[in-house]
Every structure is written in structure tokens, then in C-alpha cells.
Amino acid sequence: RLIRHLRRQRGDLRLTEGDFIGWSRGARFYPLLYMMNRVCHAQDWETGVGLSKHLLGRTSGLELHHIFPKAKLYEHQYQKDEVNALANFTFLTQETNLLVSDRDPAEYLAEYAAKNPGVLESHWIPMDRALWRYENYPDFLSERRKLLARQANEFLESLVGGELPDFEVAALGVTRTPAFVPGGVESEAEARLLHGVNEWVADQDLPRAEFMYQLAHPESGELLAIVDLAWPEGLQPGLSQPVALLIDEGRETREAVNQAGYRYFTDVDSFKRYVVRDILSVEDWPENGGD
């Protein structure tokens with residue numbers, strides 16, 4: 001079903017580092033990350049045992065682990081979406097997770113690299129030790145996303161080659177080169193900007209947007225565009241029209257969003273003015289934006 005979904009929505013199975021920009025357990029590719037840890041020969045850091053083995057015992061089940069500990073990231077002024085970035089997640093046995101606790105990655109990663117060579121690489125951890133420091137955390141995330149995308153592509157391609165016969169692919173109707181799908185987040189800086197806007201919206205007691213929303217045709221399901229931030233039900237669900245924020249997007253994305261009935265904005269200040277004046281009904285919003 002994963003293969004079918006990707007072929008329908010994207011036309012192929014190729015993933016990029018941008019697919020791993022999401023955050024929290026609700027991220028689109030969180031289940032894939034867990035699957036990769038189970039089937040792609042990831043090893044437990046403490047024991048070196050493959051996580052694909054049948055684990056036994058009360059403390060041997062897999063637990064979510066933040067590579068950079070949450071509390072210390074907050075101390076270094078990182079935001080919630082950065083702290084809980086998908087690229088900061090991996091999975092360990094409960095026993096190992098308890099041993100690591102909230103130790104600094106520059107310390108404990110170096111110990112495990114020496115104790116069990118290869119275990120960090122099996123979790124797609126960048127081995128440049130400069131990236132294990134808090135001041136380089138954004139670079140760590142960027143590099144790990146590249147490693148995750150590379151492994152994910154190898155994994156999905158192996159599924160197609162070994163599990164999915166050609167006639168099933170043909171039955172899906174994917175017999176042509178897929179059309180280009182406009183939109184999407186192009187850089188870490190843009191992702192930070194968008195996450196900041198989402199936090200600002202939440203501070204106004206309004207619903208957060210869907211990040212990198214896949215805008216699809218309501219009848220055919222064809223993917224029309226990737227929307228930076230989208231509120232498909234509006235900022236006041238049931239009362240206001242769908243809204244989108246598009247940063248540095250081209251005409252194709254704007255047209256797709258407009259035809260889908262969205263009110264869209266192409267810069268942060270105009271979007272904030274709309275929220276404050278039209279949604280919150282505050283009249284004295286400064287022309288140059290605000291906090």
C-alpha cells in the first residue's frame with residue numbers, strides 16, 4: 001500500500017531530504033523511519049544486536065529516542081519543531097535508552113562509536129563529530145535527512161524489485177513519466193521561517209497549519225501542488241475559507257491553490273495582517289507587521 005500510495009501521489013518512489021523535514025510523531029514519514037530501523041539492519045548501540053531480531057524481555061521493546069536530548073535543546077534556545085524534528089529521532093531498546101538518558105551526543109555518540117563500530121552508521125548518524133555539538137544542531141539535521149533519504153530510497157527500490165510485480169504497477173495506471181508537481185520547501189531557512197509562522201499562529205489560539213500540505217484533486221486524487229503552509233478548513237474551521245502561505249512559489253503553485261478555493265499569501269507580513277485584522281478583528285495592526 002505504501003508503494004501504491006507513493007506512485008499515485010508522486011509518480012515514482014524517489015524521496016528527498018525535504019521529505020524528512022517534518023516533526024513530531026505525526027510527521028508523514030515517521031512510520032517509514034520506524035520501519036527502516038526494523039528492517040534495514042539498524043543495531044542497538046549498547047549491545048550491537050540487530051533491531052530486526054525478535055526482542056524478548058520487559059526492557060527490550062523499541063522506544064523513541066531523541067539523539068539530541070529535548071531538555072538541553074530547549075536550553076540552547078531551539079524551538080519545539082526543531083527539538084522534535086524527525087531527523088532527531090531514532091529507536092533503541094528501552095534498556096539502552098535508559099542508559100543514554102539525556103547525555104550530550106558529543107559524549108555518548110563517541111563512546112558508542114568506539115565500543116561498537118558501525119552501530120551509529122546503522123542509524124544513519126552523520127559521523128562528522130563537529131555535527132554532534134549543540135551549536136551545529138541544524139547542520140546535523142540537514143545531513144541526517146540526506147542519509148535517511150538515501151536509505152529510504154534503497155529500501156523502497158528493494159521492495160519494488162522483490163515484492164511488487166510489474167503487472168501490479170501497470171494496474172495502477174502509472175505508465176508515463178510523472179508530471180512535475182510544483183511547490184515545496186527548498187531550504188532549511190525556509191522551513192525555519194514557516195515553522196516560526198506556525199508557532200505564531202498557535203500563540204493566537206488558532207489552529208496550526210499543515211506543513212508541506214499535499215494538495216490533491218478532489219475527484220481523481222492527482223497531486224496538484226505541495227503547499228508550504230495550508231489550513232484546508234480555514235483558520236476558523238467552518239467559518240472561514242481555506243488559507244495558504246506560499247513562500248517563493250511559482251505561478252503553477254499559486255494557480256493550483258487559487259483554483260482549489262484557497263485565499264493565499266506570498267509573504268509573512270500580509271498573512272499576519274490578514275490573521276490579526278480579519279480573523280482576530282484587531283484594527284491597529286502596524287503596516288510593517290508585528291509580533
Next on the checklist: Looking only at the side chains, is there a donor atom on one of H66 and D102 sitting less than 3.5 Å from an acceptor on the other?
Outcome noted: no
Next on the checklist: Can you tell whether the side chains of E17 and R144 come within less than 4.0 Å, N to carboxylate O?
Outcome noted: no
Checklist entry - Distance only, no hydrogens: is a donor on one side chain within 3.5 Å (strictly under) of an acceptor on the other, for S122 and H41? => result no
Checklist entry - Is it true that R263 and D278 make a salt bridge, defined as a side-chain N closer than 4.0 Å to a carboxylate O? => result yes
Checklist outcome for this item: For K70, the salt bridge (Lys or Arg N to Asp or Glu O under 4.0 Å) test, sequence neighbours excluded, returns none
Checklist outcome for this item: So the salt bridge (Lys or Arg N to Asp or Glu O under 4.0 Å) pairs with at least one residue in residues 117-132 (sequence neighbours excluded) are none
Checklist entry - Does any non-hydrogen side-chain atom of V83 lie less than 4.5 Å from one of Y74? => result yes
Item to check | Option passing ring pair (Phe, Tyr, Trp, His ring centres under 6.0 Å) with F140 (candidates W124, W132, F68) | outcome: F68
For residues 230-239, dump all side-chain donor-acceptor pairs below 3.5 Å to protein atoms at least two apart in sequence or in another chain.
from : atom 1 : to   : atom 2 : distance (Å)
W231 : NE1    : P207 : O      : 2.7

Checklist entry - So, H195 versus W200, ring centres under 6.0 angstrom or not? => result no
Item to check | Salt bridge R208-E199, side-chain N to carboxylate O under 4.0 Å | outcome: yes
Next on the checklist: If I compare all heavy atoms of P138 with all of Y78, which pair ends up nearest, and what's the gap?
Outcome noted: CD-OH, 3.4 Å
Checklist entry - Would D267 and S270 count as having a side-chain donor-acceptor pair, cut-off 3.5 Å? => result yes
